[in-house]
Amino acid sequence: METVRVQSDLFDMGAELNAFAAAMAKKNAGAVVSFSGLTRDIATGDLDAMEIEHYPGMTEKALAKIRDEAIERFKLSDAMILHRHGRMEPGEPIMMVVTAARHRADAFQGAEFLMDYLKSRAPFWKKEITAQGAKWVAARDEDEDALSRW
Amino acid sequence: METVRVQSDLFDMGAELNAFAAAMAKKNAGAVVSFSGLTRDIATGDLDAMEIEHYPGMTEKALAKIRDEAIERFKLSDAMILHRHGRMEPGEPIMMVVTAARHRADAFQGAEFLMDYLKSRAPFWKKEITAQGAKWVAARDEDEDALSRW
Amino acid sequence: MKRDLRYFAWLRERIGTGHESIETEAATVADLIEELRQRDEAYAFAFSDTAAIRAALDQDLVELDTPLGDAREVAFFPPMTGG
Amino acid sequence: MKRDLRYFAWLRERIGTGHESIETEAATVADLIEELRQRDEAYAFAFSDTAAIRAALDQDLVELDTPLGDAREVAFFPPMTGG
């Protein structure tokens, strides 16, 4: 199982969770947390599609670094990051992180840490396509602020 | 989809996550968090099986109440709790909670809240079966303490 | 008054049954525990450490000083270990 | 010194290209931004608000006052919006 994946293809959240959990059971990790981000209509209510641009090379490097740090800080048994780029339809999964640990607090914190860093430190940019045209999604101050707790 | 389920049958975590997420995409909830608990060898390193006793009637009532409270407190789009009872083999899923919200912080907090309450307030009792015999799992002080943050 | 008692986990094992109906004049959950404790060694052992006893009246978790009121079902069990 | 410049998202769109190679004597990322800004209106517009500019040297995120050093690839982009 690749633990950092950047791809344009749709993926199956459930199959990813099951594959990850199967490996974790062998590592004696009882707590598995997943976060999935779905394309939704953030701003206007009439989203046709989402397009995600990324920085090939840097993306993989940034995600691997974030993952390593999460594993060390929260004593994770393992962690997986999967993020799409390109065009996606409303309701499709954009990305997913999964963490495993012996204790649930670590698995939860590890997943939140991954998400906070991924939101503001991994080179992805979202663009919403609506009937009115295309618009880059603005970064939220809350996302930047979320990093200060770690 | 039943949002509170207590059953002895094995369940498919991935299929549960996918079914839940499919319904959430229609509700415009972009953030989906899952927690899965797997049977592991907590104490002795030679777990043969886990047996979970519960209090039929009260269990369903307690879980429904915890779910309602999580939905209200964290403005969740929805939440699901699935918990097994009876005998389960090492590595099998014991239980799962899934939450969805517009923002990831709410989905994460909702799932943590559900887990903290479920650990100490839902009438389940775990027993570990090993070569040395059967032993009831002791409640952990940390689990009781975890409730004080909410 | 007639009450249905339910026992779970090691309380059930120590008492030797998961269910019984009794007549009792106990006013609170704690009073009922004290009454049961007097019965025989098995009950005394099961209820020896009240800090490790949780109770529910008609399937709602309650503190041990709660009046039994008109609860029909009184359940005793150890601290819960779900999840 | 020769540097490969990369632009992403609305920076790329405003500048009109995602990639170019330039010769520059700029010492820091900020100096390079200032140099680019002088070029023409498109660059001036793209780099008008430096608070909204992020930069990476050889694919590592850096502050704008970082010396360019021997970085071969210098990337500019808006705040990231992944996840």
Side-chain angles (χ1 to χ4, degrees), chain B residues 6 35-40 42-43 50-66 81-85 88 93-97 111-128 133-147, chain C residues 2-22 28-30 32-33 36 41-83:
Chain B
V6 182
F35 177 93
S36 309
L38 311 179
T39 310
R40 61 185 175 92
I42 298 167
M50 175 84 85
E51 275 177 18
I52 298 184
E53 181 169 334
H54 80 120
Y55 183 173
M58 178 171 167
T59 310
E60 292 79 359
K61 223 170 127 173
L63 295 184
K65 193 176 155 194
I66 292 167
I81 305 177
L82 202 174
H83 205 300
R84 294 173 69 197
H85 59 87
M88 43 213 89
I94 301 170
M95 50 73 58
M96 184 177 194
V97 304
E112 290 195 69
F113 175 91
L114 285 175
M115 286 308 303
D116 284 350
Y117 272 82
L118 201 151
K119 280 265 170 190
S120 307
R121 293 291 180 269
F124 291 102
W125 300 275
K126 289 196 186 101
K127 193 183 210 175
E128 292 177 353
K135 188 167 168 292
W136 292 100
V137 172
R140 303 191 321 151
D141 288 340
E142 303 95 284
D143 285 332
E144 188 63 35
D145 295 346
L147 294 183
Chain C
K2 190 160 172 294
R3 313 268 186 189
D4 285 331
L5 305 191
R6 308 286 305 265
Y7 308 113
F8 292 94
W10 52 254
L11 260 153
R12 175 179 54 69
E13 291 179 341
R14 290 180 185 181
I15 290 166
T17 182
H19 180 255
E20 63 182 327
S21 289
I22 64 161
T28 68
V29 176
L32 178 55
I33 289 176
L36 291 168
E41 273 183 15
Y43 284 90
F45 174 48
F47 288 104
S48 56
D49 177 16
T50 44
I53 306 290
R54 300 288 178 271
L57 295 182
D58 286 338
Q59 307 189 348
D60 280 320
L61 209 56
V62 297
E63 299 294 324
L64 299 190
D65 59 1
T66 307
L68 291 172
D70 53 7
R72 212 190 133 63
E73 190 168 291
V74 185
F76 294 106
F77 39 80
M80 292 155 274
T81 55

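Just so it is clear, the model here is predicted, and its values are computed rather than measured. To find a chain, count down the sequence lines: A is the first, B the second, and so on, and within it residues start at 1.
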Item to check | Part of Ala9(C) lying under 4.5 Å from any heavy atom of chain B | outcome: both
Next on the checklist: Could you check whether any side-chain N or O of Arg84(B) sits under 3.5 Å from a backbone N or O of Pro93(B), counting only pairs where one atom can act as donor and the other as acceptor?
Outcome noted: yes
Next on the checklist: Are more than 12 heavy atoms, taken from residues, nucleotides or ligands other than Arg72(C), located less than 6.0 Å from that residue's CZ atom?
Outcome noted: no
Checklist entry - Is the number of heavy atoms from other residues, nucleotides or ligands within 6.0 Å of NZ (Lys61(B)) greater than 12? => result yes
Which region of [X], side chain (C-beta onward) or backbone (N, CA, C, O), has a non-hydrogen atom less than 4.5 Å from a non-hydrogen atom of chain C, or is it both or neither?
{"X": "Ala62(B)", "value": "neither"}
{"X": "His54(B)", "value": "backbone"}
{"X": "Lys119(B)", "value": "both"}
{"X": "Ile52(B)", "value": "neither"}

Next on the checklist: How long is the straight-line distance from CE of Met58(B) back to CG of Asp58(C), given to the nearest 0.5 Å?
Outcome noted: 11.0 Å
Checklist entry - Top residue by heavy-atom pair count (under 4.5 Å) with chain B, among Leu61(C), Thr81(C), Asp60(C)? => result Thr81(C)
Checklist entry - Relative to each other, are the rings of Phe77(C) and Tyr55(B) parallel, tilted or perpendicular (30° and 60° limits)? => result perpendicular
Item to check | For Arg121(B), all residues meeting side chain to side chain donor-acceptor pair (under 3.5 Å), sequence neighbours excluded | outcome: Glu144(B)
Checklist entry - Can you tell which of Glu53(B), His83(B), Met96(B) has the highest number of heavy-atom pairs within less than 4.5 Å of chain C? => result Glu53(B)
